[in-house]
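Right, one structure below, let's go through it.
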Number of protein chains: 2
Amino acid sequence: MTDGLDRVDRQILRILQREGRIPNVELAERVGLSPTATGERLRRLQKDGVITGFGARLDPQRLGLSLLVFVEVSLDKTTPDAFARFAAAVRRAPEVLECHMVGGGFDYLVKARVADMPAYRRFLGEGLLALPGVNNTRTYAVMEEVKSDGVLPL
Amino acid sequence: MTDGLDRVDRQILRILQREGRIPNVELAERVGLSPTATGERLRRLQKDGVITGFGARLDPQRLGLSLLVFVEVSLDKTTPDAFARFAAAVRRAPEVLECHMVGGGFDYLVKARVADMPAYRRFLGEGLLALPGVNNTRTYAVMEEVKSDGVLPL
DNA sequence: CGGTTTTGCCGCCGATTCTGCGGCCGACCC
DNA sequence: GGGTCGGCCGCAGAATCGGCGGCAAAACCG
């Protein structure tokens with residue numbers, strides 16, 4: 001059940017990762033199946049949760065979000081529910097694109113986009129550091145995005 | 001030209017980020033415009049580069065990629081073209097979802113997905129450490145993905 | 001301030017795409 | 001051999017797409 005994907009399924013996923021809005025008929029002729037069979041596979045892949053959704057890729061620059069930063073966050077270990085409260089607050093913060101709990105020298109790795117350095121200072125001061133339990137942060141500003149697509153290998 | 005987006009444009013982008021495959025007619029009635037006008041805006045947003053593409057979101061677990069890791073990479077500063085060669089190699093590596101050049105204690109931050117720890121060891125040894133100019137790496141394994149969508153604020 | 005251009009929207013309509021249905025074929029199992 | 005089942009196909013009605021002409025309000029200009 002976890003991996004009942006044949007060659008055609010994988011090809012469909014590979015195409016849809018990059019061209020999510022391709023019409024079903026064109027997808028069908030690319031994988032060499034009829035539109036009906038292809039649509040059926042697509043529906044099944046969504047129902048089974050392999051495909052969790054579709055989305056538009058936007059250019060952050062054109063939206064005034066020129067600065068990409070990664071922040072390593074350390075929490076006080078004293079309060080046990082601090083983790084849950086931090087996680088909840090982070091999910092509400094629109095600047096935060098991703099947040100991962102990691103094992104190692106710190107607790108959370110946050111990926112965020114803001115307009116510029118002043119905006120980041122504001123986000124750091126009023127957003128992150130204001131959260132209870134936040135002990136220490138270390139910021140890395142991205143100078144160049146070498147690879148950004150995030151396409152999964154198949 | 002960089003920011004000629006009105007309220008309706010932003011609403012379109014907000015919807016399409018989460019539901020990229022929504023039919024144009026439904027998008028139209030959600031933003032309160034006719035399908036023709038909505039389609040025209042969509043076409044313009046793509047032509048202007050605000051929308052760079054559409055893609056399917058896949059569940060990494062169901063594809064056998066259960067381990068998400070972040071790797072901080074330091075390069076030898078001796079060879080000046082080492083940066084370009086590292087960047088080129090990283091773009092070819094399928095496990096690497098993202099790679100950013102950062103300012104701070106190290107040079108590159110790499111986000112990668114692999115099947116499990118043995119697969120990561122292989123990727124680290126044969127993929128990253130084999131690259132010329134790589135001086136030092138530090139790995140952080142993700143224990144929990146608190147927020148992963150990467151949706152931009154509008 | 002009046003006229004003109006521009007811009008953005010709508011309704012319409014032919015072409016394309018989608019989707020549910022019935023039928024076909026090969027694999028598999030008694 | 002006979003039955004069952006999963007996967008694919010073709011078809012047809014319904015929905016959607018995309019280009020065209022018209023219209024009204026805003027912007028522009030003399």
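Partner of D59(A) under the side chain to side chain contact (heavy atoms under 4.5 Å, CB included) criterion, chosen from L152(B), L45(B), T52(B): T52(B).
Around the CZ atom of R10(A), the shell of radius 6.0 Å holds more than 12 heavy atoms that belong to other residues, nucleotides or ligands. For R85(A), the CZ atom is loosely surrounded, since the number of other residues' heavy atoms within 6.0 Å does not exceed 12. By the 6.0 Å contact criterion, CZ on R44(A) is enclosed, its count of non-hydrogen atoms from other residues, nucleotides or ligands being greater than 12.
Here the closest non-hydrogen pair linking L109(B) and E72(B) is CD1-CG, 4.0 Å. Annotation for L67(A) and A141(A): closest pair CD1-CB, 4.4 Å, computed over non-hydrogen atoms. Closest non-hydrogen pair, L27(B) versus I12(B), comes out as CD2-CG2, 4.2 Å.
Across all strands, R41(A) comes closer than 4.0 Å only to sugar-phosphate atoms, never to a base (heavy-atom distances).
The distance between atom CG of L42(A) and atom C1' of dT19(C), rounded to the nearest whole Å, is 13 Å. One interatomic measurement links the two molecules: CD of E29(A) to P of dT16(C), which rounds to 13 Å at whole-angstrom precision. The distance between atom CD of E26(A) and atom P of dT16(C), rounded to the nearest whole Å, is 14 Å. dT17(C) atom C1' lies 11 Å from atom CZ of R21(B), rounded to whole Å. Atom CZ of R43(A) and atom P of dC21(C) are 12 Å apart (whole Å).
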Atom pairs, N/O to N/O, protein against nucleotides 10-15 of chain C, distance under 3.5 Å?
| unit_1 | atom_1 | unit_2 | atom_2 | d |
| --- | --- | --- | --- | --- |
| dC10(C) | OP2 | S34(B) | N | 2.5 |
| dC10(C) | OP2 | S34(B) | OG | 2.7 |
| dG11(C) | O6 | T36(B) | OG1 | 3.3 |

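For the pair D48(A) (side chain) and V50(A) (backbone), a donor-acceptor distance under 3.5 Å is absent.
Chain A approaches DNA chain D over the interval dC8(D) to dC11(D), counting the first and last nucleotide 5' to 3' with an atom under 4.0 Å from its heavy atoms.
Mapped onto DNA chain C by nearest heavy atom, I22(A) and R44(B) fall at different nucleotides, with R44(B) at the one closer to the 5' end.
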